[in-house]
Amino acid sequence: MIRCAGRLGARVALALFLLSGCSLPLAVPPLALPTTPAEPLPVPPPSPTAVPSPTAAPTPAPTPTFEQLLPTPTLAPITADARQAIFEQAWNLVHRRYLYPDYHGVDWPAVRDEFAPQIGTAENADQFYQLMHAMIDRLGDDHTHFESPQEVAEEEARSAGELTYGGIGVTIRDDTAGALVTRLAAGSPAERAGIQLRDLIIAIGGVPISDTAAFGEQGPEGAVRGTPGTVVRLLVGSPGATPRELSLTREVIPADAFPPAEGRRIRGTRVGLLLIDTFDREDLVTLVRDQLDDLLAPGPLTGLIIDVRDNGGGYIDVMLDILALFVDGGSIGSSSSRRGREDLEIPGGQVVPGLADLPIVVLTSDGTASAAEMFAAGMRVRQRATMVGTTTAGNTENLVLHNFSDGSRLWLAEYAYRLPNGELIEGVGVAPDRLVAAKWWRFDPADDPQVQAALAALAVQAPASRSAKGRRHGG
């Protein structure tokens, strides 16, 4: 199994959840694409944020019905011989197959000499897995990583859309005056308490968000996480209103609270806006297709905007299957390793009816990473979309999964994405055709400067899209 690996963007994804042991998805670094000169557009200033005033009376918390979080598997004992075998296997995989023959300047044989005695004397499974994490971390690679059996179970539950959370039901993004609410779970404690999109969480438990040291290693999000049934106090500000203090009772947030794909028509237009939040879901193709069918149900669209600005990547095969909904086959380039290369082909015959000739814009940002960058690159390579926003993360290493006998595994960077002309975009990213620098998360989609630029691009693109029909499969 191959996955794109990349860094997390500015968004604090799942920040106010208690994951049942899940780590956040990885992304893949981007490769450089040929682009037309960037065309800067003006950005309207954001609405002013209210200044906090004396605390209002706490809002009574509703009486919730509690469920149980999925249990985290208990680590099974592992013999000394098994530990040694897994250690040797992991070390040798890095030695033979790691994308960078110089190991980023790390003396890899010396790392083996350092860790081998410690592996032999590890007192229990937990200590052994800590040592394995530490050894792989010596590469200084944000993408290559080791997962214990517990982490594997949690990651697989998340990828299957089965992971539940204990929290209040929001996602947030760091902002100048606090933590900006960017998504709300329907029926969650946050929604019932009156929290709205683009509200600011100014303080948690009386501690200002700005006092980062007070929250420890887990930061403000760690202060909000907790066991269902416990209470967290928040100071929340809404635009133009006096900040208010809320007492929220944490609950189990269901796995589908934040769909990875959401579609809507932009008010007053026949243009669809499709958010694709990740490529790290096994059922993503079905979810995206369902959203597209819903967008097309009221009648034909005149254009489609695909938002991957906060998409941190995921599985390459899933990304290629999503591309197939918009592009009828063709290559987007290849993945190359120390041992060879693999072509990346879009499946044919899968384009959603009604989309074959539809003008498309893809929104990108520095939070677009990994497989999401490859998606943007693929749409451009196949001459299928215009890019609007800012340059992507430049993080398109491809990880290969290696499973071990105890249920642990290693995700190893073995491939790098290349465009059809052989060019790398690692460390460079995908540059937009129209550069629009904006704190877009502060805006309703109808007022989003990058969405507005995309609408303008669609108006220009529509006639050209039909005349370019015969060129889309050229390449």
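Note that the numbering runs from 1 along the sequence shown for the chain.
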> With sequence neighbours excluded, tell me which residues meet side-chain hydrogen bond (donor to acceptor under 3.5 Å, both in side chains) with Q196.
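Per chain and number, Q196 pairs via side-chain hydrogen bond (donor to acceptor under 3.5 Å, both in side chains) with no residue.
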> Using the side chain to side chain contact (heavy atoms under 4.5 Å, CB included) definition, which of the options T302, L295, L358 pairs with V271?
T302
> Only one of D448, D447, D175 passes side chain to side chain donor-acceptor pair (under 3.5 Å) with R442; say which it is.
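Single pass found, and it is D175.
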> Does some side-chain heavy atom of L355 sit less than 4.5 Å from a side-chain heavy atom of L292?
yes
> Has Q291 got a side-chain atom pairing as donor or acceptor with V288's backbone, closer than 3.5 angstrom?
no
> Quick one, L323 with R382, criterion side-chain contact (heavy atoms from CB on, under 4.5 Å). Give me CA distance, side-chain angles, the key distance, then yes/no.
CA-CA 10 Å; L323 276 172; R382 305 311 306 171; over 6 Å; no
> Over all heavy atoms of both residues, which pair between R281 and T278 is shortest? Give the atoms and the distance, please.
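Distance-wise, the nearest heavy atoms are CG-CG2, 4.2 Å.
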> Give a yes or no on whether the backbone of G389 and the side-chain of Q450 come within a donor-acceptor separation of less than 3.5 Å.
no
> Less than 4.5 Å apart, side chain to side chain, heavy atoms only: is that true for S408 and M132?
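SC-SC contact between S408 and M132 ruled out.
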> Nearest heavy-atom pair of A385 and V362: which atoms, and what distance?
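In terms of heavy atoms, the two residues are closest at CB-CG2, 3.8 Å.
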> In the structure I gave you, are the side-chain heavy atoms of L458 and I305 within less than 4.5 Å of one another anywhere?
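L458 reaches I305 side chain to side chain.
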> Has R380 got a side-chain atom pairing as donor or acceptor with M387's backbone, closer than 3.5 angstrom?
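No.
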> Do L320 and E345 have side chains that get closer than 4.5 Å, going by heavy atoms?
no
> I'd like to check the side-chain hydrogen bond (donor to acceptor under 3.5 Å, both in side chains) partners of E262; sequence neighbours left out, ordered by chain and number.
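With neighbours one apart ignored, the set is R183.
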> To the closest 0.5 Å, what do you measure between CD1 (I78) and OG (S405)?
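The distance works out to 6.0 Å.
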> side-chain contact (heavy atoms from CB on, under 4.5 Å), that's the test. Do T182 and D310 meet it? Break it down for me.
CA-CA 11 Å; T182 56; D310 261 341; 6.0 Å; no
> Say you draw a straight line from CZ of R434 to OG1 of T386; how long is it, rounded to the nearest 0.5 Å?
7.5 Å
> Working to the nearest 0.5 Å, report the span between CD1 of I346 and CD1 of I332.
6.0 Å
> Going by heavy atoms in the side chains, are L99 and T144 under 4.5 Å from each other?
no
> I want to check something: taking the side chain as every heavy atom from C-beta on, are F326 and L304 in contact at a cut-off of under 4.5 Å?
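A side-chain contact under 4.5 Å exists here.
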> For a quick test of reading the model, state the closest non-hydrogen atom pair linking I253 to A185 and the distance between them.
CG2-CB, 4.4 Å
> Check whether any side-chain heavy atom of R173 sits under 4.5 Å from a side-chain heavy atom of K439, and report yes or no.
no
> Checking F146 now: which residues fulfil ring pair (Phe, Tyr, Trp, His ring centres under 6.0 Å) with it, not counting sequence neighbours?
H133
> Looking at every non-hydrogen atom in both residues, tell me the closest pair between L399 and H143 and how far apart they are.
CD1-O, 3.5 Å
> Give, for atom CG of D294 and atom CG of L274, the distance between the pair rounded to the nearest 0.5 Å.
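With rounding to 0.5 Å, CG (D294) is 11.0 Å from CG (L274).
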> With no hydrogens and no angle check, is any side-chain donor or acceptor of T391 less than 3.5 Å from a backbone partner on G429?
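No, the answer is negative, given that no donor and acceptor are paired below the 3.5 Å cut-off.
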> Do T364 side-chain atoms and T392 backbone N/O form a donor-acceptor pair below 3.5 Å?
no
> Would you mind listing every salt bridge (charged side-chain N to carboxylate O under 4.0 Å, His left out) that reaches into residues 197-214, with sequence neighbours excluded?
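Every pair satisfying salt bridge (charged side-chain N to carboxylate O under 4.0 Å, His left out) with a residue in residues 197-214: R198-D444, D199-R244.
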> With rounding to the nearest 0.5 angstrom, report the CZ to CD1 distance, F128 to I86.
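So the CZ of F128 and the CD1 of I86 are separated by 4.5 Å.
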> For the residue pair V236 and V181, establish whether any side-chain heavy-atom pair is separated by less than 4.5 Å.
no
> Under the rule for side-chain hydrogen bond (donor to acceptor under 3.5 Å, both in side chains), what residues qualify as partners of R265, not counting sequence neighbours?
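For R265, no residue satisfies side-chain hydrogen bond (donor to acceptor under 3.5 Å, both in side chains) once neighbours in sequence are set aside.
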> Any donor-acceptor pair under 3.5 Å linking the side chain of D328 with the backbone of G349?
yes
> Determine, stepwise, if the pair F375 / I306 fulfils side-chain contact (heavy atoms from CB on, under 4.5 Å).
CA-CA 11 Å; F375 174 84; I306 303 174; 4.1 Å; yes
> Would you name the heavy atoms of V318 and V285 that are closest together and state the gap between them?
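Smallest heavy-atom distance, with atoms named: O-CG2, 4.5 Å.
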> For A437, is there any backbone N or O sitting under 3.5 Å from a side-chain donor or acceptor partner on T390?
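Checked: no pair found.
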> Working to the nearest 0.5 angstrom, can you tell me the gap between I201 CD1 and I172 CD1?
5.5 Å
> N311 vs D277, test: side-chain contact (heavy atoms from CB on, under 4.5 Å). Steps then yes/no.
CA-CA 5 Å; N311 189 318; D277 198 45; 5.7 Å; no
> Mind listing the closest non-hydrogen atom pair of A179 and I209 along with its distance?
N-CG2, 4.3 Å
> Can you sort out the partners of D321 under side-chain hydrogen bond (donor to acceptor under 3.5 Å, both in side chains), two or more places apart, ordered by chain and number?
none
